[in-house]
Every structure is written in structure tokens, then in C-alpha cells.
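Let me begin by presenting the structure, written as C-alpha cells, before commenting on it.
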Amino acid sequence: MFEIKTDSSKCVSLIEGSAFLDQTVHDSWEYADLSFESGKIYGIISEYRQGCMYLSYLLGGKVDFGDLQIYYNDKKIEKEYLSLISWNLEPSHEKYRNKAVKKSIEKMIQKSNCEDSFEEIAEKFILTKPRYNRKLFQLSGERWRASAALGYAAGKHIFYAPYETSQFYYQMSRQGLIKILRNLTDSGSMVLLPASSDVFLKHIVDECVYLDREYDIDVLARLYSAMYGKGNWIK
């Protein structure tokens with residue numbers, strides 16, 4: 001079991017801006033002190049581009065820490081350590097996107113000395129025989145299940161994801177997502193699911209982490225008055 005904590009006490013700025021993630025999305029997160037425990041599924045909730053994907057990828061070892069400090073069981077760690085123990089549930093932009101399901105899992109079992117056989121992993125992660133020889137990126141509803149299975153065989157401990165909508169998680173759960181995520185947490189792993197809303201996620205995760213952005217309304221009011229006079233402004 002393990003715990004990960006973020007420490008923002010040495011951060012110069014409150015907000016880490018416009019980090020380039022996944023080659024497609026800019027996102028930013030207002031630094032905060034947070035903690036995450038293994039064996040849990042977390043919903044990370046914020047408006048689009050307001051931090052949920054940033055934090056998910058940060059804990060996945062994809063984002064530089066900057067002035068933020070991160071601790072693993074109270075030991076300070078670097079980005080490279082998180083990268084070694086983490087796995088992206090979405091394989092589309094990862095190097096393993098082109099790996100065939102069965103062959104890659106079998107190779108990973110041998111490489112990592114995983115105690116489970118391929119057949120046991122296939123059952124745990126609801127993999128179907130007609131798709132055993134397909135590459136991960138060619139899969140649809142089975143894509144995350146196959147990716148999770150490969151990460152499990154590799155002995156990874158943090159499973160993270162890019163931003164998705166509540167509807168996406170609902171549809172994926174109808175295709176076995178909850179079962180495979182629980183198999184990951186039962187093995188001692190942590191799962192991070194970023195979304196803009198908790199409407200569906202709150203029903204399937206252990207805890208929702210809300211990245212509420214704070215806005216200085218007084219500063220905005222003074223700026224508005226200086227620019228447009230003392231007239232009314234929308235509150």
C-alpha cells in the first residue's frame with residue numbers, strides 16, 4: 001500500500017499555466033496540497049482545461065513538477081519515478097498503442113515475472129478471443145480493458161487517464177469498466193479518472209477530488225470600475 005502527497009508550500013505561483021499535454025490539449029492546475037491512497041478510484045473533477053487532466057498526467061509522470069513537491073510514502077520523488085510506476089488507460093497516444101493484445105501481455109508477463117497467466121488476466125479484464133490479435137488502438141470499448149490488462153501484467157501501480165466526459169465513463173462502465181478498475185484497486189493500485197462533472201463518476205469512484213478555481217471578484221470589480229466607471233456590473 002502507498003500514499004502520494006503533493007506539497008505546494010514552495011510554489012512561487014499559485015497556478016501552473018498551459019502545460020502541453022498529450023500533444024493535443026493545454027490545461028492548467030491551481031496548485032494545492034492533496035493526498036491519494038492506493039487501493040482507491042479517484043474522480044478528479046474540474047471544468048475543461050481547469051486542471052483535472054493536468055493533475056492526472058502529473059501523477060502519471062507526464063508533467064514536470066516545477067516548484068511542486070511530490071512525496072511517495074513521505075519520501076520525496078521525481079517525475080521519473082512516477083513515470084516508471086504509472087500507466088495510461090488510454091493507449092491512443094502511447095508507444096504501446098501498436099502492440100497486439102495477447103502477444104504483448106504474454107511478453108510482459110515473462111518480463112515482469114507476473115504470477116498470473118494470460119488466461120487469468122484475460123478473464124480478469126474481460127478480454128475477448130476475437131480481439132486477441134488486434135492492436136490496442138484498433139479496439140473501441142475494449143481499449144481501456146486491454147490497456148489496463150497490459151499495465152497490470154507490467155506491474156504498474158498508478159493508472160491514469162486523459163479528460164473524458166461523464167457520458168464516456170457511463171458508456172465504458174456498461175462495457176465492464178467498473179469490474180476492471182476494481183481488479184486494479186484490489187491488487188493495490190490507484191486509479192485516476194478526470195472529468196468535468198461528478199454526475200456519473202460519484203457513483204463508481206471511492207472519492208471525488210474537486211479542483212475548484214478561486215476567483216478574486218474584488219480585483220475584477222476594481223478593474224471594471226477603473227475601465228468603465230462606477231456603473232453596475234454583473235454579479
Side-chain angles (χ1 to χ4, degrees), residues 1-4 21-23 36-42 53 56-63 70 72-73 75 77-162 164 168-169 172-173 175-194 204-205:
M1 302 298 286
F2 62 91
E3 180 181 37
I4 292 179
L21 303 176
D22 212 19
Q23 301 182 351
F36 301 87
E37 298 177 5
S38 60
K40 284 188 175 183
I41 304 173
Y42 288 92
M53 182 170 169
S56 176
Y57 273 48
L58 177 81
L59 298 178
K62 288 279 192 177
V63 179
I70 298 185
Y72 182 99
N73 286 344
K75 180 181 179 180
I77 57 173
E78 303 297 331
K79 170 188 171 184
E80 290 72 22
Y81 183 78
L82 285 178
S83 181
L84 286 174
I85 65 172
S86 301
W87 192 264
N88 195 344
L89 288 167
E90 176 52 71
S92 297
H93 300 292
E94 300 292 345
K95 293 180 179 179
Y96 45 87
R97 66 188 299 271
N98 292 313
K99 291 185 178 295
V101 175
K102 183 178 181 180
K103 184 180 294 185
S104 61
I105 292 175
E106 288 178 333
K107 286 185 177 180
M108 193 61 74
I109 289 172
Q110 295 177 351
K111 182 178 179 180
S112 65
N113 295 318
C114 178
E115 295 181 356
D116 292 26
S117 65
F118 171 77
E119 289 72 21
E120 290 172 324
I121 291 177
E123 182 178 358
K124 281 183 178 179
F125 292 90
I126 324 175
L127 305 182
T128 57
K129 288 185 178 181
R131 297 174 177 83
Y132 280 178
N133 295 322
R134 292 190 186 180
K135 296 179 179 179
L136 268 69
F137 81 92
Q138 295 174 327
L139 303 173
S140 54
E142 196 165 328
R143 186 174 70 257
W144 278 29
R145 302 204 304 268
S147 179
L150 183 55
Y152 173 85
K156 303 300 181 178
H157 302 303
I158 299 174
F159 290 81
Y160 64 100
E164 295 291 353
F168 171 86
Y169 287 116
M172 291 290 273
S173 291
Q175 300 180 52
L177 178 67
I178 299 173
K179 175 179 169 58
I180 68 109
L181 296 183
R182 286 300 171 195
N183 282 332
L184 293 175
T185 56
D186 288 347
S187 70
S189 294
M190 173 193 300
V191 178
L192 307 166
L193 305 178
I204 67 169
V205 303

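Atoms considered below: every heavy atom in the structure, side chains included; atoms not considered: hydrogens, waters and symmetry mates.
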Contacts satisfying ring-ring contact (aromatic ring centres under 6.0 Å, His included) that involve residues 94-123 (not counting sequence neighbours) are Trp87-Tyr96, Phe118-Tyr132
For the pair [X] (side chain) and [Y] (backbone), establish whether a donor and an acceptor sit closer than 3.5 Å, ignoring hydrogens and angles.
X      : Y      : answer
Ser38  : Phe2   : yes
Tyr152 : His157 : no
Ser56  : Ala161 : yes

Contacts of Glu123 meeting salt bridge (charged side-chain N to carboxylate O under 4.0 Å, His left out) (sequence neighbours excluded), chain-then-number -> none
CD of Glu3 to OH of Tyr72: how many Å apart, nearest 0.5 Å? 11.0 Å
Contacts table for residues 78-86: side-chain donor-acceptor under 3.5 angstrom, sequence neighbours left out:
residue : atom : partner : partner atom : Å
Lys79   : NZ   : Asp64   : OD1          : 3.3
Ser86   : OG   : Leu59   : O            : 3.3
Ser86   : OG   : Leu82   : O            : 2.6

Can you confirm whether Ile121 sits close enough to Cys114 that some side-chain heavy atom of one is under 4.5 Å from a side-chain heavy atom of the other? yes
Just so I know, are the side chains of Asn98 and Leu136 near enough to count as touching, which here means a heavy-atom distance under 4.5 Å? no
Could you tabulate the donor-acceptor pairs under 3.5 Å formed by side-chain atoms of residues 182-193, not counting sequence neighbours?
residue : atom : partner : partner atom : Å
Arg182  : NH1  : Asp206  : OD1          : 3.3
Arg182  : NH1  : Asp206  : OD2          : 3.0
Arg182  : NH2  : Ile204  : O            : 3.4
Arg182  : NH2  : Asp206  : OD1          : 3.1
Asn183  : ND2  : Lys124  : O            : 2.6
Asn183  : ND2  : Lys179  : O            : 3.4
Thr185  : OG1  : Leu181  : O            : 3.4
Thr185  : OG1  : Arg182  : O            : 3.1
Ser187  : OG   : Leu184  : O            : 2.6
Ser189  : OG   : Lys156  : O            : 3.4

Check for me whether the distance between the ring centres of Trp144 and Phe159 falls short of 6.0 Å. no
Which pairs would a plain distance check flag for residues 100-108, meaning a side-chain donor or acceptor within less than 3.5 Å of a matching protein atom at least two apart in sequence or in another chain?
residue : atom : partner : partner atom : Å
Ser104  : OG   : Ala100  : O            : 2.6
Ser104  : OG   : Val101  : O            : 3.0

Mind jotting down which residue pairs meet the salt bridge (charged side-chain N to carboxylate O under 4.0 Å, His left out) criterion with at least one end in residues 130-143? Sequence neighbours excluded, please. Glu90-Arg143, Arg131-Glu142, Glu142-Arg145
Which is it for Phe36 and Lys40 under the side-chain contact (heavy atoms from CB on, under 4.5 Å) test, yes or no, and what are the steps along the way? CA-CA 8 Å; Phe36 301 87; Lys40 284 188 175 183; over 6 Å; no
Does a side chain donor of either Asn88 or Glu94 reach within less than 3.5 Å of an acceptor in the other side chain? yes
Correct closest heavy-atom pair for Ile180 and Ala148 would be CD1-CB, 3.7 Å
Asn133 atom CG, over 12 foreign heavy atoms within 6.0 Å: no
